[in-house]
Amino acid sequence: MNHSQGASINPAVNTTDEVIVSAKGLRVYYGDKEALKGIDFSITKLGVTALIGPSGCGKSTFLRTLNRMNDRIPGFRVTGNLIIEGENPYAKGVDLLELRRKVGMVFQKPNPFPKSIYENIAVGPRAHYGIRGSKLDQVVEEALNAAALWDEVKDDYKRKSGLSLSGGQQQRLCIARMLAVNPDIVLMDEPCSALDPISTGRIEELIVSLSQTKTVVIVTHNLQQAERVSSHTAFFMFGELVEAAPTEELFANPQRDATRDYVSGRFG
Amino acid sequence: MRRFIDPLMGTAVRISGVTVLLVVGALLFYLVGEARNAFNQTFAYGHRVAAQASPLPSNYDLQLDPNASILSATPEGTEGLDEKEESLPPPSVFSLIDSPAGTAALLDGKEPGPETQVVLQDWQTTRRAEAGSTFRFFVFGSPQLQGDKMTLVWGPDGGFLPEYVPHKLRLRLVRAPSGITAPTVDIDLRKEPTGSLELPAFVAQTDEDIQKGYLFEITATPTTNSFWATLGGLLKTSWDPTSSYARYGAVPLFVATLIITLLSLLIAAPLGITAAVFISELAPQKLKEWLKPFIELLASVPTVVLAYFGITFVGPAFLEIVGRLGLAPAFGAESSRSLITVALVMGILLIPTIASVSEDALTNIPQSLRDGGDALGLTKFETLWKVLLPAAKSGLIGATLLGMARAIGETMVVWLLSGGTVRMPTLAEPLTNLGKPTKAVSDTIAIDIQNVSFGSVHYGHLFILATLLFIVTLVVNLTGYRIAKKAQWTH
Amino acid sequence: MDALTSLGNHNELLTKRDSKRSLWSGVGVAAIGLVTLFVIAIILFLIGTIILRGAPSVNLGFLSQPPLENMTAGGIWPQIRGTLLLIGGTFLIALPIGILGGIFLAEYAGSSRLIGLVRGLITSLAGTPSIIYALFGLAVFVLILKLNISVIAGWLTLATMALPVIVLSTEQALKAVPNSQIEAGYALGMTRWQVMSKVALPQAMPGIITGIILASGRAAGEAPPIIITAGIYFRTEKEMGFLELIRGATESLPLHITEGLR
């Protein structure tokens with residue numbers, strides 16, 4: 001896989017210098033196993049940051065640590081410093097619901113709830129903001145629009161089950177569901193790995209357009225995808241952050257041997 | 001040797017397979033087959049008639065009148081009576097006990113001739129219940145009769161309900177004594193089973209005179225054949241197979257089963273599903289491994305033992321509680337064997353079934369939905385209520401249906417706790433339906449089958465009940481399995 | 001995106017709402033826990049009541065003596081013996097037919113529509129009330145085959161009832177054996193029965209045993225078939241041969257308890 005072949009559709013647009021996520025010496029343990037071995041990493045506001053690396057390198061763990069999705073895993077522990085929008089999500093007395101409201105997440109496999117498309121999206125804003133009626137309808141429509149799904153479902157989205165959509169549509173529904181809570185940061189854990197190339201293309205376009213207003217962090221196995229959509233890329237290996245740089249730099253001129261080997265497709 | 005084992009075992013397997021199929025077939029065949037006995041039913045009917053001086057005393061009770069004739073057609077007919085009784089001399093006018101008037105009945109419906117015998121002491125006569133049965137009876141006054149009027153009174157015999165026989169019953173005046181003009185009478189005994197009629201007095205001075213008096217006739221014309229009549233009888237509300245006018249109205253039994261089933265589900269479904277939610281979603285792993293088998297342990301307690309628990313604890317506890325609250329009269333609660341005791345114990349009995357299947361349905365939900373709820377920032381309870389329960393809905397409904405099938409067919413708990421008294425629930429005082437004894441379908445089959453003769457009508461009716469029970473549980477069970485299966489995820 | 005962005009995601013009102021939601025969630029979770037605790041309490045109380053009331057009377061004499069003095073003293077040995085006799089014979093009949101029948105359904109019968117129907121029927125027969133089997137046993141074994149109310153009639157009735165449970169659990173356990181292993185067996189040149197007996201059955205054994213335990217619970221615990229087709233409260237003959245024993249009715253625990261409670 002040669003980086004020069006991946007056509008970049010996202011030349012570092014709209015990135016700012018304002019740091020929105022900052023990790024210092026972040027360590028994560030699952031029982032005795034150390035999954036993240038002291039990560040120092042900052043993510044700036046807006047734009048897309050891609051996390052790449054071989055399987056089990058810790059990139060997903062890092063992503064899921066950001067919105068505390070690992071809490072459920074027995075033996076999970078975190079040390080070090082993590083600041084998201086000025087707050088440590090692991091601090092005592094933190095408002096977990098607010099964290100989840102600010103940091104949305106999309107998963108590897110689309111996971112729509114077995115309800116109507118409308119209900120799938122409405123459940124978040126209804127719980128968080130207590131809105132109902134026409135206000136809610138408007139939010140749902142906006143979220144569907146933002147996820148580029150509105151035109152396809154506008155006729156029967158109040159009746160049709162989310163599960164009856166195609167895989168790509170389901171994933172966009174999940175993105176709409178997340179957007180309806182109005183997050184600042186969007187985490188995506190290999191969002192296209194279960195999708196066909198055409199659906200993947202549409203999601204990638206969506207990611208780019210989202211990055212105008214949200215900070216997107218995406219874990220991907222697909223180096224071309226990272227090149228196409230991201231403004232920054234971070235390479236993880238064995239639970240460590242090997243290298244992080246603007247995407248074009250990292251692919252064109254990796255500073256570390258491991259990075260060079262990985263992006264040139266020698267392993268991974 | 002090895003060469004033979006394979007075909008040999010193959011044959012054994014096939015034979016066993018066919019045996020299983022045969023057993024299934026035999027089960028269906030005999031269940032339905034034995035029910036045919038019910039359709040040999042002949043329908044008994046019986047009326048009392050009595051003549052009295054006019055006006056009737058205000059406290060007059062036809063059922064207690066020793067001089068009333070009982071004109072009844074039973075399946076046994078006169079076969080049940082012995083020779084001596086039949087050959088008794090005709091009643092004497094003068095043997096009427098303190099009575100100024102009387103009736104005398106004829107065994108068959110023919111016009112009386114010179115040799116006609118009026119038989120049977122007490123003027124009671126019984127005939128085989130056959131289509132077109134006819135009774136004729138004389139109405140006369142004894143020499144003690146005063147005044148120029150007498151009254152004929154009629155009503156159904158104790159235990160006989162005219163609407164249960166598929167016959168048109170008519171009371172008709174055939175002939176008035178010579179010299180007396182009497183109104184013509186033609187009464188539909190099904191519409192007017194009880195009544196009285198004032199007649200000009202006729203006094204029989206001698207026994208021979210009896211036959212010159214009024215001659216009335218009761219005729220029974222069949223309205224439908226025995227098959228439809230039997231089916232129609234099942235849809236009525238009185239179950240009393242052992243009375244001389246046997247009735248097989250199964251409605252109260254099914255209503256009792258329905259109430260017991262619904263009440264026990266009302267108890268067991270919330271408890272079982274909640275426990276399942278706790279085990280599947282909230283309990284730590286260690287507790288989960290211990291809790292699920294613990295609740296399922298309850299399923300392995302024999303139901304007789306649960307019935308014992310019901311008699312020694314649940315029933316008395318209910319009595320004690322309503323007694324303390326002063327609600328015992330409202331519930332009509334007198335005994336610890338009652339519908340509510342059955343429903344409470346059945347509720348406990350159903351918990352493991354419902355909890356276990358519900359837990360499977362919840363565990364089957366892919367983890368990704370829980371993650372989705374978490375990531376959206378829903379609280380634990382919101383995720384449960386808005387995501388997981390709707391996702392497990394069909395599994396939970398399936399679990400409830402499987403519990404329902406169990407409740408419908410469960411026998412021992414009902415047998416030992418219901419009190420075994422058939423009772424049609426009333427709408428007027430609904431609470432008394434709970435506190436009073438009852439009898440449902442399953443325990444009726446179990447208790448009655450031990451006291452019937454092989455091939456009798458009663459025996460056949462028990463098989464009809466069993467077949468209905470079988471079909472209902474089959475449908476509910478299959479629907480339950482289907483729905484529960486639908487909940488399986490492909491993730 | 002106006003309505004959406006105007007929602008904000010961080011302000012005092014939302015924080016207040018968050019703590020209220022968390023509180024309610026805690027209340028809901030606590031309620032679920034309490035209801036579960038209630039269910040556990042019911043079960044513990046039930047089992048406790050029975051053990052506490054029963055335990056003082058249970059000793060070796062109670063288990064080994066017949067009832068004495070008009071059922072008010074002595075023990076329950078004949079009832080235990082009768083129950084064991086009933087279960088034992090039932091399994092002697094139902095186990096081979098049931099397991100082989102399960103193998104038939106899983107591996108020999110194919111998947112035609114008819115077999116699908118039969119499978120559905122057997123599934124629901126496993127959940128059919130025991131009173132139905134009791135009536136069937138009474139009509140067929142006791143009356144038509146003239147076996148009278150006897151241990152033999154009880155065996156046949158209980159075996160009919162246990163059969164669907166054993167067939168189903170055997171079939172399901174066999175179906176759960178991965179197809180690749182079965183094919184590997186055939187690839188090694190094993191005959192059909194060898195594949196069954198050497199590859200499939202050993203793996204399916206735990207499932208089959210679970211089924212047998214379920215079926216034995218059903219056979220021993222379901223009182224109506226025992227009472228109606230095999231039961232007698234008190235059998236007067238004291239010494240009898242085996243044939244005589246099984247041709248007559250037998251005392252059993254379910255009937256003993258039922259009579260005691262009536």
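This one's a predicted model, so the numbers in the text were calculated from it and none came from an experiment. Chain letters run A, B, ... following the sequence lines, proteins first and then strands; every chain starts at 1.
Within the 4.5 Å cutoff, side-chain heavy atoms of B:Phe381 are placed close to those of C:Ile32. In this structure the side chain of B:Glu34 reaches within 4.5 angstrom of the side chain of C:Ile144, judged on heavy atoms. C:Leu163 has its side chain out of reach of B:Thr19: every pair of non-hydrogen atoms, C-beta onward, lies at least 4.5 Å apart. Residues C:Trp193 and B:Val13 have side chains in contact (heavy-atom distance under 4.5 Å, counting atoms from C-beta outward). Residues B:Val277 and C:Thr36 are not in side-chain contact: their nearest non-hydrogen atoms beyond the backbone lie 4.5 Å or more apart.
For chain C, no part of B:Ala276 is nearby; none of its heavy atoms comes within less than 4.5 Å. If you measure heavy-atom distances from C:Leu253 to chain B, you find no contacts under 4.5 Å at all. Interface remark: B:Leu417 contributes no atoms to any contact with chain C (heavy atom separation under 4.5 Å). When heavy atoms are compared at a cutoff of 4.5 Å, B:Ile15 does not approach chain C at all. Using a 4.5 Å cut-off between heavy atoms, B:Leu282 touches chain C through its side chain atoms alone. For a residue to count as touching a neighbouring chain, one of its non-hydrogen atoms must lie under 4.5 Å from one of that chain's; by this rule B:Tyr308 touches chain C with backbone and side chain alike. Using a 4.5 Å cut-off between heavy atoms, C:Thr49 contacts chain B through its side chain alone, with no backbone atom that close. Only the side chain of C:Ile122 comes within contact range of chain B, with at least one heavy atom under 4.5 Å from a heavy atom of that chain. For chain C, no part of B:Leu402 is nearby; none of its heavy atoms comes within less than 4.5 Å. Contact annotation for B:Phe278: both backbone and side-chain heavy atoms come within less than 4.5 Å of a heavy atom of chain C. For B:Ile348, the part lying under 4.5 angstrom from a heavy atom of chain C is the side chain only.
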Tabulate below the donor-acceptor pairs under 3.5 Å that side-chain atoms of residues 127-142 of chain C make, not counting sequence neighbours, or state none.
{"from": "C:Thr128", "atom 1": "OG1", "to": "C:Ser124", "atom 2": "O", "distance (Å)": "2.9"}
{"from": "C:Ser130", "atom 1": "OG", "to": "C:Glu222", "atom 2": "OE1", "distance (Å)": "3.1"}
{"from": "C:Tyr133", "atom 1": "OH", "to": "C:Leu125", "atom 2": "O", "distance (Å)": "2.8"}

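Each of C:Leu46, C:Ile99, C:Val27 has some count of heavy-atom pairs under 4.5 Å with chain B, and the biggest count is that of C:Leu46. The choice from C:Glu107, C:Arg53, C:Arg192 that makes the most heavy-atom pairs within less than 4.5 Å of chain B is C:Arg53.
Contact detail for B:Gly377 and C:Arg21: the closest heavy-atom pair is O-NH2, 2.8 Å.
Within a 6.0 Å radius of CH2 in B:Trp290, more than 12 heavy atoms belonging to other residues, nucleotides or ligands are found.
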| request: Apply side chain to side chain contact (heavy atoms under 4.5 Å, CB included) to B:Trp415 and C:Ile227, showing your working. | output: CA-CA 12 Å; B:Trp415 179 350; C:Ile227 294 173; 3.9 Å; yes
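When the heavy atoms of residues 460-468 of chain B are compared with those of chain C, the residues falling under 4.5 Å are B:Leu462, B:Phe463, B:Ala466, listed by number.
Distance alone, capped at 3.5 Å, places no donor-acceptor pair between the B:Thr379 side chain and the C:Ser22 backbone.
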